[in-house]
Amino acid sequence: MNDKPSDQSRMDRIVSLAKRRGFIFQSSEIYGGLNGFWDYGPLGVALKRNLKDAWWHDMVAGHDELAAPAGAPEAYEMAGLDCTIIMHPQVWKCSGHFDLFHDWMIDCRESKKRYRYDHLSGRFASHRGKRVFVVTDASGDEAPPALTAKAQKFFGLRAKQIEEIEWEGGLTGLSAAVAAGSTTLAAVLGPDATEPGTLTDPREFNLMFETRIGAMAGDDDRAFLRPETAQGIFMNFKNVLDTSRVRVPFGIAQIGKSFRNEITPRNFTFRSREFEQMEIEFFCKPADSAAWYRYWRDRRWKWYLSLGLTEGKLQLREHDKDELSHYSVGTADIEYAFPFLAPGEFGELEGIAHRGDFDLRSHMEGKLVRQDGALVLETGPDGKPRHKGSGKDLSYFDDISRERYVPHVIEPSAGADRAVLAFLCDAYHEDEVPDEDGKPRSRTVLKLHPRLAPLKAAILPLVKKDGMPEVAIDLYRQLKRHMPCMYDEKGSVGRRYARQDEAGTPWCLTIDGQTLSDKTVTLRDRDSLVQTRVPLADVIDLLRDKLR
RNA sequence: GCGGGUGUAGCUCAAUGGUAGAGCAAUAGCCUUCCAAGCUAAAGACGAGGGUUCGAUUCCCUUCACCCGCUCCA
């Protein structure tokens, strides 16, 4: 099998360019770096900001609430929001993140496998004086035969000798058995171990970053950095409704940092521990939710294409039923074929989830669980709600239909850093350009969409004399008022073009001898390398038109 | 978290138990009339911390980071 797992060398060259040209640096690099954290350099911050601005403009600021966009069931409103990173701890209990992201894990020294402590169960088995607590990670009906098979193998018995095994007590959760003192981990035979005592003590495993509120805080003041921005929107659902005159259907958008203590940050910025999300929570009438789900899925898909992502490298994938998150009744991912992935594999850029009324109801009533297709209040062993809700009414009264309901939610949730990475990878090209002798010479070029490009233009005097720099500087100062651009007079013009190609600058304006006599400049296109002469007086309007 | 690999200048790579060279890039100057030309000058590195040694970039240990696989994960 010689097939390449992924185009790793291409990815390496992209990472190298990102570093070399100041797009992305590793955090705290002079101290050796920090796994899972990345900084954006001068070009990177511009690229990322342009991306976020494009999203914000396309979703919120530029949204026309008076007309239904193509494909939308009806016209709708959009509002913006910016919430705090640290919120009331109860937010994460009712959202499900506390339970989902917070586990006790136990490792097996022998098999190197890791198990959720609360997923292990077992019972004592004895045979001819040997006694162990046999444990399995299987659940339900699969557990008893798994235990029997395990015990049979451990005692070295033939199938017909299974009856000789003496079992004590019923199937018990390992954590409960240890807590009750009926067994110790030393007597436990792990699910994939061949001898007892290979399991480590359970360790707390928390995907949420934890902090404490207050300078002299104690255990009661534990708080979490948000693992997603969405919950801040639900927290303010009623505030927005009460203050901004929006009516269902409407969406609330937010861009902001989120934090997850990923086990294995990998693949450059793709899986980071600190990352930025661009999220919309769209609130609609339950009966219309399926139509809105399809609308947002298709709308968001087109957004990536409109900014120039290669369609053949994008994939829209509907989740299977058993893959859906605890809250979701339908989810689609927009995925990109990143170069670090094996051919045919895709990495998630954005998830569009139909969340039903899980979130709003959970924050009203307490954390819900799905049971036989319906959401019901999750209860603890004592029969009380596992996580108590706010008790606040988050339902909506529809003045026109005179009905009250809890809106359903469609959530298009995009990763800003992942999008930056995808656009960077997609823009990266190596091609050949004839040099001054006409011989082909390779060049590296970022074919970024002009809206995303950190610099829109570079103004270059062909040579540093004969009054060309003066004309160029004057043009630079005028253009700078309208768009990010730079002036460069260093080195040969070919070298300067190459520098701009690597930075993804779409246009170069060159002032040459002819400019001085007929007041025209050459406009060089980054992708086609075609140069056209444009009157100096028109060039600013021309570039502004191109950017629209 | 486990196993394997890697770590020398911004990048790509050398050499060495006696404190390191080159190419490209970048900086300044000269030159230069359309795709990384040339000349000159100056600048720049042994991931970090211990240990062995008279002396460590080199040997050993630890740690950090990156890559691959496993595991985990939206």
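Treat the numbers as computed from the prediction; the structure is a model and nothing was measured. Note on naming: letters A, B, ... go to the chains in the order of the sequence lines (proteins, then strands), and numbering restarts at 1 for each one.
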- prompt: How many Å lie between CD1 on Ile14(A) and P on C67(B), as a whole number?
  reply: 14 Å
field: Out of U33(B), A74(B), C66(B), whichever nucleotide has its closest atom nearest the side chain of Trp38(A)
entry: C66(B)
field: Closest listed nucleotide, where the reference is the side chain of Leu207(A) and the choices are A65(B), C73(B), C34(B)
entry: C73(B)
query: Hey, what's the ring geometry for Phe234(A) with His363(A), parallel, tilted or perpendicular (30° and 60° as the breaks)?
result: tilted
task: Specify the separation, in whole Å, of atom CD of Glu502(A) and atom C1' of A36(B).
output: 10 Å
- prompt: Does the C11(B) base have a donor-acceptor partner in the side chain of Ser16(A) within less than 3.5 Å?
  reply: no
message: Which nucleotide wins on minimum distance to the side chain of Asn35(A), given the candidates C31(B), A65(B), C68(B)?
response: A65(B)
field: Selection from A65(B), U33(B), A37(B) that lies nearest to any side-chain heavy atom of Gln26(A)
entry: A65(B)
query: To the side chain of Leu34(A), which of A65(B), A74(B), C34(B) is closest?
result: A65(B)
field: Between A15(B) and G3(B) - P atom distance, rounded Å
entry: 30 Å
Parallel, tilted or perpendicular: rings of Phe268(A) and Trp38(A) (30°, 60°): perpendicular
Near-ring test Tyr336(A)/Phe338(A), centroid separation under 6.0 angstrom: yes
query: Should Arg495(A) be listed as having a side-chain N or O under 4.0 Å from OP1 or OP2 of A25(B)?
result: yes
statement: Closest of U33(B), A36(B), C67(B) to the Ala498(A) side chain is A36(B)
message: So if I take every side-chain heavy atom of Ser492(A) and compare against U33(B), C66(B), A37(B), which nucleotide ends up nearest?
response: A37(B)
query: Counting only side-chain N and O atoms of Arg499(A), is one of them less than 4.0 Å from OP1 or OP2 of A26(B)?
result: yes
- request: Specify the residue among Leu462(A) and Asn267(A) whose closest nucleotide of RNA chain B lies further upstream toward the 5′ end.
  value: Leu462(A)
statement: The residue among Arg443(A), Arg21(A), Arg526(A), Arg13(A) that forms salt bridge (Lys or Arg N to Asp or Glu O under 4.0 Å) with Glu502(A) is Arg21(A)
query: Under the 3.5 Å rule, do the base of C73(B) and the side chain of Arg271(A) count as making a donor-acceptor pair?
result: yes
- request: Mind calculating the distance between CE (Met208(A)) and P (C72(B)) to the nearest angstrom?
  value: 21 Å
message: What I want to check is whether an N or O donor and acceptor connect the side chain of Tyr31(A) with the base of C64(B) at under 3.5 Å.
response: no
query: Considering only side-chain heavy atoms of Arg20(A), which listed nucleotide, G10(B), C35(B), C68(B), is closest?
result: G10(B)
- prompt: From the list G69(B), C34(B), A74(B), which nucleotide is the closest neighbour of the side chain of Arg317(A)?
  reply: A74(B)
task: Find out whether the Lys NZ or Arg CZ of Arg524(A) is both under 6.0 angstrom from the six-membered ring centre of Tyr497(A) and within 45° of the ring's axis.
output: yes
- line: The answer to which of Arg418(A) and Val530(A) contacts RNA chain B further toward the 5' end, by nearest nucleotide, is Val530(A)
message: From C-beta outward on Lys490(A), which listed nucleotide comes closest to its side chain: C34(B), G29(B), C67(B)?
response: G29(B)
message: Students often mix this up, so state it plainly: with edges at 30° and 60°, are the rings of Phe282(A) and Trp292(A) parallel, tilted or perpendicular?
response: tilted
- prompt: How close or far is atom C1' of C66(B) from atom CZ of Phe270(A), stated in whole angstroms?
  reply: 18 Å
- prompt: With no angle test and no hydrogens, is the base of C35(B) tied to the side chain of Arg524(A) by a donor-acceptor pair under 3.5 Å?
  reply: yes
message: Taking U40(B) as the reference, what is the distance to A20(B) when you measure between their C1' atoms (whole Å, please)?
response: 25 Å
Distance-only donor-acceptor test, Glu262(A) side-chain atoms vs C73(B) base atoms, 3.5 Å: no
- prompt: Within less than 4.0 Å of OP1 or OP2 of C11(B), is there a side-chain N or O belonging to Lys19(A)?
  reply: yes
message: Under 4.0 Å, counting only non-hydrogen atoms across every strand here, what does Thr522(A) touch: a base, just sugar-phosphate, or nothing?
response: base
message: Parallel, tilted or perpendicular: which one describes the rings of His97(A) and Trp92(A), with boundaries at 30° and 60°?
response: perpendicular
